[in-house]
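Everything below concerns the one structure shown next.
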Amino acid sequence: MKVLVINAGSSSLKYQLRDVTAGSALYEGVIEKIGQPGGEAADHTQALDLAARRLKAAVGSESEESEESAELPFEAVGHRVVHGGERFGEPVLIDEENLPAIEQLSPLAPLHNPANVLGIRAIAQRWPDLPQVAVFDTAFHRTLPEHAWRYPIPDELYQQHGIRRYGFHGTSHEYVSRRAAEFLDIPLDRFRGIIAHLGNGASVTAIRDGQSVDTSMGFTPLEGLVMGTRSGDVDPSILVFLGQQGYSAEEIDALLNRRSGLLALAGSNDMREVEAATEAGDERAIAALTLSSYRLAKYIGAYHIAVGGAEALVFTAGLGENSPVYRKLVADRLQALGIRLDEQLNLERSKQPRVISTPDSSIPLLVIPTDEERAIAEATAGLIATS
Ligand code: ADP
């Protein structure tokens with residue numbers, strides 16, 4: 001089965017055509033600056049038309065079909081949807097009930113869910129019979145126990161505004177924990193581990209019996225680790241203080257979401273640049289990596305307790321998969337847990353799941369490449385096969 005995976009943002013549309021049986025990507029692309037000057041598309045419908053034309057040109061069958069053929073080179077569409085709220089704990093087939101429910105969650109993810117809905121509607125308009133599936137970033141964390149999801153604040157804030165911890169990157173955490181259990185030959189429903197998804201956005205998840213029992217992102221993706229441009233955990237009184245100093249809510253939002261993290265500490269949110277700067281002896285860059293890896297190591301220590309003793313620690317995503325420097329900074333802080341990095345294995349480059357710890361390490365350190373598109377395509381195909 002072939003599935004088109006769509007990741008619609010407010011001004012961009014990423015698409016990838018997947019062959020689910022082969023587990024491979026056949027074609028991918030991105031349309032940026034939607035509705036903006038110099039952009040290729042005025043709205044999400046135009047962007048989808050453009051994507052479909054490119055897909056057909058690239059992979060459409062050359063034989064009897066003409067260019068105008070209505071035949072699409074895929075049988076279903078899987079959407080990455082950021083917020084599933086408390087309602088969605090699994091991927092769902094889009095129908096007249098689910099789409100408005102996703103739309104209603106927009107206040108919780110104002111930048112993302114409206115764009116996801118635009119993408120879904122644009123496809124429904126063009127190809128009404130094409131099955132569409134929504135795969136939620138929050139869904140995997142629906143298993144968080146109350147002591148992990150609730151904030152210690154008045155209940156009315158939860159009741160009236162849905163303020164609680166939701167967690168994100170769920171598709172990646174779920175995929176990587178499944179791959180890790182397979183790799184270690186442990187049944188998933190007995191697997192206890194810690195997954196560090198370290199990309200531009202970063203989060204760490206505690207996995208117990210194959211389920212998410214805690215995760216570092218909360219009500220929004222701002223909570224938790226130091227990220228490319230996000231601060232992660234700060235004293236909330238800082239926001240109150242800034243408000244009292246005359247900063248607007250929008251300014252505070254921009255400060256913490258777009259101007260903080262590695263960017264604020266080291267002057268760049270690209271780990272490659274920060275690493276190069278540390279090698280050149282740049283003290284700001286060294287301090288930035290020290291602070292960020294220290295905070296991640298603290299979370300790992302805490303999640304070791306949350307899962308009742310992890311059987312593995314897994315690094316994944318852009319930085320987790322590709323930065324031996326950062327992995328070493330983190331691993332060196334975990335020696336109190338008996339964790340030992342193999343420096344040689346850590347330096348090797350590979351796209352395969354692998355061990356980077358020594359045989360006498362208390363638990364294995366793994367690097368497992370994530371593949372959110374693959375996970376979305378598989379979930380989509382699985383749901384369609386059973387419905
Ligand atoms: P996202 O999907 O959240 O945008 P990615 O998973 O692509 O992010 O990760 C982006 C991060 O990974 C950036 O900080 C980037 O610098 C870092 N990264 C990618 N490749 C390398 C590399 N070879 N060495 C060090 N860091 C890398």
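Numbering of ligands and ligand atoms starts at 1, following listing order.
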Subject >> Parallel, tilted or perpendicular: rings of Trp149 and Tyr158 (30°, 60°) >> reply: tilted
**OP:** Scan residues 104-123 for pairs that pass side chain to side chain donor-acceptor pair (under 3.5 Å), counting only residues two or more places apart or in two chains.
**Re:** Glu103-Arg121
Subject >> Among Leu341, Asn346, Asp342, the one residue meeting side chain to side chain contact (heavy atoms under 4.5 Å, CB included) with Gln344 >> reply: Asp342
Original post:
Around Glu97, counting heavy atoms of other residues, nucleotides and ligands shown, do more than 12 lie under 6.0 Å from its CD?
Top reply: no
**OP:** Would you list the pairs meeting salt bridge (charged side-chain N to carboxylate O under 4.0 Å, His left out) in which at least one residue belongs to residues 33-43, sequence neighbours left out?
**Re:** Glu40-Arg54
Identify all pairs of nitrogen or oxygen atoms, one from ligand 1 and one from the protein, separated by less than 3.5 Å, and list them with distances.
residue  : atom   : partner : partner atom : Å
ligand 1 : 3 (O)  : Asn200  : N            : 3.1
ligand 1 : 3 (O)  : Gly201  : N            : 3.4
ligand 1 : 6 (O)  : Gly318  : N            : 2.9
ligand 1 : 8 (O)  : Asn200  : N            : 3.1
ligand 1 : 12 (O) : Leu319  : N            : 3.2
ligand 1 : 14 (O) : Met271  : N            : 3.3
ligand 1 : 16 (O) : Asp270  : OD1          : 2.5
ligand 1 : 16 (O) : Met271  : N            : 2.8
ligand 1 : 24 (N) : Asn322  : O            : 3.3

Subject >> Results of ring-ring contact (aromatic ring centres under 6.0 Å, His included) for His141 - residues two or more places apart only >> reply: His173
